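Quick notes on the structure that follows.
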There are 2 protein chains.
Amino acid sequence: MSSARVGAARLTTRIKVTRTGDLKDGPRRARPARNMILQGDCVSLMKGLDAESVDLVFADPPYNLQLASKLTRPDQSLVDAVDDDWDKFADFAAYDAFTREWLSAARQVMKPQATIFVIGSYHNIFRVGAIMQDLGFWILNDIVWRKNNPMPNFRGRRFTNAHETMIWAARDAGAKNYTFNYEGLKAGNEDCQMRSDWLLPICTGAERLKDATGRKTHPTQKPETLLARVILSASKAGDLVLDPFFGSGTTGAVAKRLRRDYIGLERDGTYANAAVARIAAVEPLPEEAVATAPSKRSEPRIAFASLVEAGLIAPGAVLRDAKKRHAAVVRADGALSLSGFVGSIHKTGALAQGLPACNGWTFWHYEDKGRLAPIDELRTQIRQSLRAAAE
Amino acid sequence: MSSARVGAARLTTRIKVTRTGDLKDGPRRARPARNMILQGDCVSLMKGLDAESVDLVFADPPYNLQLASKLTRPDQSLVDAVDDDWDKFADFAAYDAFTREWLSAARQVMKPQATIFVIGSYHNIFRVGAIMQDLGFWILNDIVWRKNNPMPNFRGRRFTNAHETMIWAARDAGAKNYTFNYEGLKAGNEDCQMRSDWLLPICTGAERLKDATGRKTHPTQKPETLLARVILSASKAGDLVLDPFFGSGTTGAVAKRLRRDYIGLERDGTYANAAVARIAAVEPLPEEAVATAPSKRSEPRIAFASLVEAGLIAPGAVLRDAKKRHAAVVRADGALSLSGFVGSIHKTGALAQGLPACNGWTFWHYEDKGRLAPIDELRTQIRQSLRAAAE
DNA sequence: GGCTCATATGAATCGCGAC
DNA sequence: GGTCGCGATTCATATGAGC
């Protein structure tokens, strides 16, 4: 089993533009080499990578299409099907063994909080999903890539196969704090949370890599829009993305553009070389364009007491809810007093409404020049002064 | 394991309205009892049905949701989750064993040309799909039911789980001639072939069954629109549809409306009784409304020779293509002669174009009062006279 | 009756850090 | 490692009250 860096010299000269130093850190480097394509069997190669070093995995494994015969269009032209050797397996057992092996190896190199996307069709995705569950991955979503321009069903014997399925999974069942760019996705989707069905066109036109004779370089090149949404959903700038079936390098090209690092594994030298050239031509986006949207959860925690200490609200002040149905008195220690009960802004807010929980920051309001304003505005002031002090 | 007909008396009196005689045919009946709900374990019940007797199976098995804790909405109200005992399994192995058992039993009662739809979510569908492939089912499509009104993700930690997946499969790998209403679906879809992604609302409002206290009768009642599309896609009027997880009887209600027969298997007496009442209230659509659109494939085959025999085209007549680039002579035996080559209308058409195949009916034209018309028009005439003769 | 507003709800594997 | 407590989080529909 031969595993070698493909055109390593070319890669370091061409691709290190986006990340310098990584390959020269020598003995003191804490992270594996990044932004490389390693040529060879992906299982062997993953076993050589550092354990728990990768933030995100995107995998587009062979689909095991099992095409029995040639297919022609109604005009008798031949459909250029996926008939490559890499998509041939003796039977389901062979495909399962292959799947178990590469998924296990991928799981080893994932950080505890890393997640993985695997794409497939009905030919293979059920086996892939079951094996993922068996190996301990924890499915977060299955995502449907709806193609707005799929190939029709030429024989009229089935529904147009108009989608592919991705499985998004965490490494472990208990995994918390995996990266999910919820706010950013929502903001870019009419302020509506992103759904599990994504409508995107297939890869055609100028984006589709062609060889010198005009033939497509890779039979199943994925669209960059798909990878962009995957990478933006589940990684941060600077994160390391691993693609064990790199193919024509869509993952690398999008990772570079979005200022993520990548490692691509590919057996086929023709694909790997095409990917090298492709990625070299990519220009990373400006940093502001790829910075992760700050989420409320990531903001520093502020104690309500610090508002009192800072003099933003006086002890003895009365807080009310927006509809002035409840009133509580601010104590010097930062607790609230509500008709005899003393507790946090959250506890008193919950008690006032008879609910099990409450966000006191948005429930309680203070009077500001005759206007009722949520105390969250005062928290924002504190956070702004903290940020100013940090600069 | 108790298996019994639920309210059989009620069923025969209430439901036999749509189909009379089936339950009384006694010894000479060739088909099993139809339009019944059988109460009990679906595996035992399926083993009691005649082998190869069912035209279509729709199955909505437990999803094995594995919900660990309670979930509240942002307004602190509690989500009414599926926490029924029937959805609880010890582990994946137990779920797999259950799945293998019911799928095997279902496969036994399917006719060779029958097909099956199984619906599920990411919790179970990958296991179901892999087991179906292992058992010898041949997947025709995976179909995505996109919900236009799914429950949102309240914690903002995942994509909105906005779809469920159906697997449509034939009993065997080689199955041909399974029922697929391609033309009808296409005609009802802006003359565009039906895709593998279906956008349908979830079951709410008046359609949702409620008990006397106003609570939903069944936690996972499927919308009738979904069943209607399934049944219209893969069965004909009078076909027998089996639903081994009948629940509130959506499959039976839609089957009756569309003039299909059904057998429903259900363990829970409350669900079964609700289904009886529900189906009794259904009025079948007029026969014309559910007659299968005649497909081109189902039309009787016509030999070109019979056109000659019928005198619709004379031996020695010259046929041309639409652009008059080729000319062939009609022989008395129904073959064509094209510059020395003698063959069928299809073979000569292919030869003329240098293509591997050709539909001679649409390629070759004859001269009709100075107008060039495809010989397919003559075939249509023959078919019309055949139909007239049959009536 | 028509409109606005408030409320209810659906197959859901739904947080995270400090102590 | 378990417990505690802060405090972040929802979309499309249907229904019913109130005006």
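Reminder, nothing fancy here: chain letters follow the sequence lines and each chain counts from 1. Everything numeric in this text was worked out from a predicted model, so none of it was measured.
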- Item | DNA chain C-proximal residues of residues 70-78 of chain B, any heavy atom under 4.0 Å | B/Lys70, B/Leu71, B/Arg73

- Query: For DNA chain C, what residues of residues 160-167 of chain B have any heavy atom nearer than 4.0 Å?
  - Reply: B/Asn161, B/Glu164

- Near DNA chain D, which residues from residues 303-339 of chain A have a heavy atom under 4.0 Å away? none

- Output the residues of residues 241-250 of chain B in contact with DNA chain C, where contact means a heavy atom of the residue under 4.0 Å from an atom of the strand; sort by number or write none. none

- Tell me, please, which residues at least two apart from B/Asp197 pass side chain to side chain contact (heavy atoms under 4.5 Å, CB included). A/Arg146, A/Ala162, B/Val144, B/Arg146, B/Arg195

- Query: Which dot-bracket string fits DNA chain D when only Watson-Crick or G-U wobble pairs with both atom distances under 3.5 Å count, crossing pairs get [ ], and | stands for a partner on a different strand?
  - Reply: .|||||....|||||||||

- Taking N and O atoms by type only, does the side chain of B/Arg158 place a donor or acceptor under 3.5 Å from a partner on the base of C/dC14? no

- Please list, chain by chain and in numerical order, all residues satisfying side chain to side chain donor-acceptor pair (under 3.5 Å) with A/Glu377, sequence neighbours excluded. A/Arg371

- Task: Apply side chain to side chain contact (heavy atoms under 4.5 Å, CB included) to B/Asp80 and list each qualifying residue two or more places apart in sequence or on a separate chain.
- Result: B/Lys216

- Tell me, which pairs form a salt bridge (Lys or Arg N to Asp or Glu O under 4.0 Å) where one or both residues lie in residues 61-72 of chain B, sequence neighbours left out? none

- side chain to side chain contact (heavy atoms under 4.5 Å, CB included) partners of A/Thr292, counting only residues at least two apart: A/Asn181, A/Lys236

- Task: Summarise how protein sits on nucleotides 13-19 of chain D as a single string, 5' to 3': B when a protein heavy atom is under 4.0 Å from the base, S for sugar-phosphate-only contact, - for no contact.
- Result: SSS----

- Task: Pull out every residue in residues 171-194 of chain A that has a heavy atom closer than 4.0 Å to any atom of DNA chain D, ordered by number, or say none.
- Result: A/Tyr182, A/Glu183, A/Lys186, A/Asp191, A/Cys192, A/Gln193

